[in-house]
Amino acid sequence: MHCDLYLASGSPRRHELLTEMGVNFSRVVIDVEEKQNASESPYAYVSRLSQDKARAGVIQTGGHIPVLGADTIVVDGDQVLEKPIDQADATRMLKQLSGREHQVMTAVTVANAIKQVTTVVTTKVWFCSLTDKMIDAYWQSGEPADKAGAYAIQGLGGKFVIRIDGSYHAVVGLPLYETEQLLKQFSV
């Protein structure tokens, strides 16, 4: 099957958003370690992850067709909130975000054998105050288990969000406008 783009991501949300954009793409399975270096800022970290994913896809596919790599992180101050390891970790994160503003950074990289272009979209998100009962019920839903910052804005976690300043789709995992601008640079 011919495609115009490879998606180096297993995220169902990115798959869905690219489909909605009308992009003819195929998924490529890559394995990139997601670990922040000690001296790495959240911005540098999310940028590097998207670049590593795109480059891994380019290596795997030969680089003739562009590859899109993306990563989304939740940031509180300078602290990156990764995917929770268990319920206690998810509870800690959600309590940390409760009643406050945090940032969600999504980096998108499109690359082929010749060039690579990256953009990072930062969105501010405000949470309502969460009770222990709300946090426990949310954990029991199963949704926060594999989500950065232990929540999904497009799911049940959306009910915790008072407002956002920035791109909703970037919080979901793929900023549509910025992604389209990158794809145009590769004639996709």
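Sequential numbering from 1 along the given sequence is applied to the chain's residues. It should be emphasised that the depicted structure is a prediction, and the values quoted were computed from it without experimental measurement.
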Quiz item: More than 12 non-hydrogen atoms from neighbouring residues, nucleotides or ligands closer than 6.0 Å to CG on Asn37, yes or no?
Solution: yes
Quiz prompt | Distance (rounded to the nearest 0.5 Å) between Leu182 CG and Thr118 OG1 | solution = 7.5 Å
Quiz item: If two hydrophobic side chains count as joined below 4.5 Å and joins carry through other members, does Phe25 share a cluster with Val117?
Solution: yes
Practice problem: Compare all side-chain heavy atoms of Ile135 with those of Lys95 and state whether any distance is below 4.5 angstrom. | Solution: yes
Quiz item: Are Met134 and Cys128 close enough, and set up right, to give a side-chain contact (heavy atoms from CB on, under 4.5 Å), and what steps lead you there?
Solution: CA-CA 11 Å; Met134 290 165 72; Cys128 66; 4.1 Å; yes
Quiz item: In terms of hydrophobic clusters joined by side-chain contacts under 4.5 Å, are Val67 and Leu183 together?
Solution: no
Exercise. Give a yes or no on whether the backbone of Val29 and the side-chain of Gln60 come within a donor-acceptor separation of less than 3.5 Å.
Key: yes
Quiz item: Taking a hydrophobic cluster as the set of Ile, Leu, Val, Met, Phe, Trp and Tyr residues connected by side-chain heavy atoms closer than 4.5 Å, whether directly or through intermediates, do Ile65 and Val23 fall within one such cluster?
Solution: no
Quiz item: Going from CG on Asp52 to CG on Asp31, what distance comes out if it is rounded to the nearest 0.5 angstrom?
Solution: 11.5 Å
Practice problem: Quick one: do Leu94 and Tyr138 satisfy side-chain contact (heavy atoms from CB on, under 4.5 Å)? Show the steps, please. | Solution: CA-CA 10 Å; Leu94 291 168; Tyr138 186 50; 3.9 Å; yes
Quiz item: So which heavy atom on Phe127 is nearest to which on Leu97, and how close?
Solution: CB-O, 3.3 Å
Self-check item: Where Thr109 and Ser50 come nearest, the two heavy atoms and their spacing
Solution: OG1-OG, 2.6 Å
Practice problem: Taking Arg27 for its side chain and Ser9 for its backbone only, find out whether a donor-acceptor pair lies under 3.5 Å. | Solution: yes
Practice problem: Measure across Val110 and Phe186 and return the closest heavy-atom pair with its distance rounded to 0.1 Å. | Solution: O-CZ, 3.2 Å
Would you mind writing out the side-chain donor-acceptor pairs for residues 147-156 within the sub-3.5 Å range, not counting sequence neighbours?
{"from": "Lys147", "atom 1": "NZ", "to": "Glu143", "atom 2": "O", "distance (Å)": "3.4"}
{"from": "Tyr151", "atom 1": "OH", "to": "His102", "atom 2": "NE2", "distance (Å)": "2.7"}

List the atom pairs, donor and acceptor, that lie under 3.5 Å between side-chain atoms in residues 70-91 and the rest of the protein, sequence neighbours left out.
{"from": "Asp71", "atom 1": "OD1", "to": "Lys53", "atom 2": "NZ", "distance (Å)": "2.7"}
{"from": "Thr72", "atom 1": "OG1", "to": "Arg14", "atom 2": "NH2", "distance (Å)": "3.1"}
{"from": "Thr72", "atom 1": "OG1", "to": "Thr106", "atom 2": "OG1", "distance (Å)": "2.9"}
{"from": "Asp76", "atom 1": "OD1", "to": "Arg100", "atom 2": "NH1", "distance (Å)": "3.1"}
{"from": "Asp76", "atom 1": "OD1", "to": "Arg100", "atom 2": "NH2", "distance (Å)": "3.1"}
{"from": "Asp76", "atom 1": "OD2", "to": "Gln96", "atom 2": "NE2", "distance (Å)": "2.8"}
{"from": "Asp76", "atom 1": "OD2", "to": "Arg100", "atom 2": "NH1", "distance (Å)": "2.9"}
{"from": "Gln79", "atom 1": "OE1", "to": "Gln96", "atom 2": "NE2", "distance (Å)": "2.8"}
{"from": "Glu82", "atom 1": "OE2", "to": "Tyr45", "atom 2": "OH", "distance (Å)": "2.8"}
{"from": "Asp86", "atom 1": "OD1", "to": "Ala88", "atom 2": "N", "distance (Å)": "3.2"}
{"from": "Asp86", "atom 1": "OD1", "to": "Asp89", "atom 2": "N", "distance (Å)": "2.8"}
{"from": "Gln87", "atom 1": "NE2", "to": "Asp136", "atom 2": "OD1", "distance (Å)": "2.9"}
{"from": "Asp89", "atom 1": "OD1", "to": "Arg92", "atom 2": "NE", "distance (Å)": "3.2"}
{"from": "Asp89", "atom 1": "OD1", "to": "Arg92", "atom 2": "NH2", "distance (Å)": "2.7"}
{"from": "Asp89", "atom 1": "OD2", "to": "Ile85", "atom 2": "N", "distance (Å)": "3.0"}
{"from": "Thr91", "atom 1": "OG1", "to": "Gln87", "atom 2": "O", "distance (Å)": "2.9"}

Quiz item: Leu5 and Val58: same hydrophobic cluster, using ILVMFWY side-chain contacts below 4.5 Å?
Solution: no
Quiz item: With hydrophobic residues grouped by side-chain heavy-atom distances under 4.5 Å, do Val108 and Tyr43 end up in a single group?
Solution: no
Using distance only, find each side-chain donor-acceptor pair of residues 164-180 under 3.5 Å and give its atom names and separation, not counting sequence neighbours.
{"from": "Ser167", "atom 1": "OG", "to": "His169", "atom 2": "N", "distance (Å)": "3.4"}
{"from": "Ser167", "atom 1": "OG", "to": "Ala170", "atom 2": "N", "distance (Å)": "3.0"}
{"from": "Thr179", "atom 1": "OG1", "to": "Pro175", "atom 2": "O", "distance (Å)": "2.6"}

Quiz item: Atom OG1 of Thr122 and atom CE of Met105: how far apart are they, to the nearest 0.5 Å?
Solution: 4.0 Å
Exercise. Might you confirm whether atom NZ of Lys115 has over 12 heavy atoms from other residues, nucleotides or ligands at distances under 6.0 Å?
Key: yes
Self-check item: Least distance between heavy atoms, Val120 atom then Ser47 atom
Solution: CG2-OG, 3.2 Å
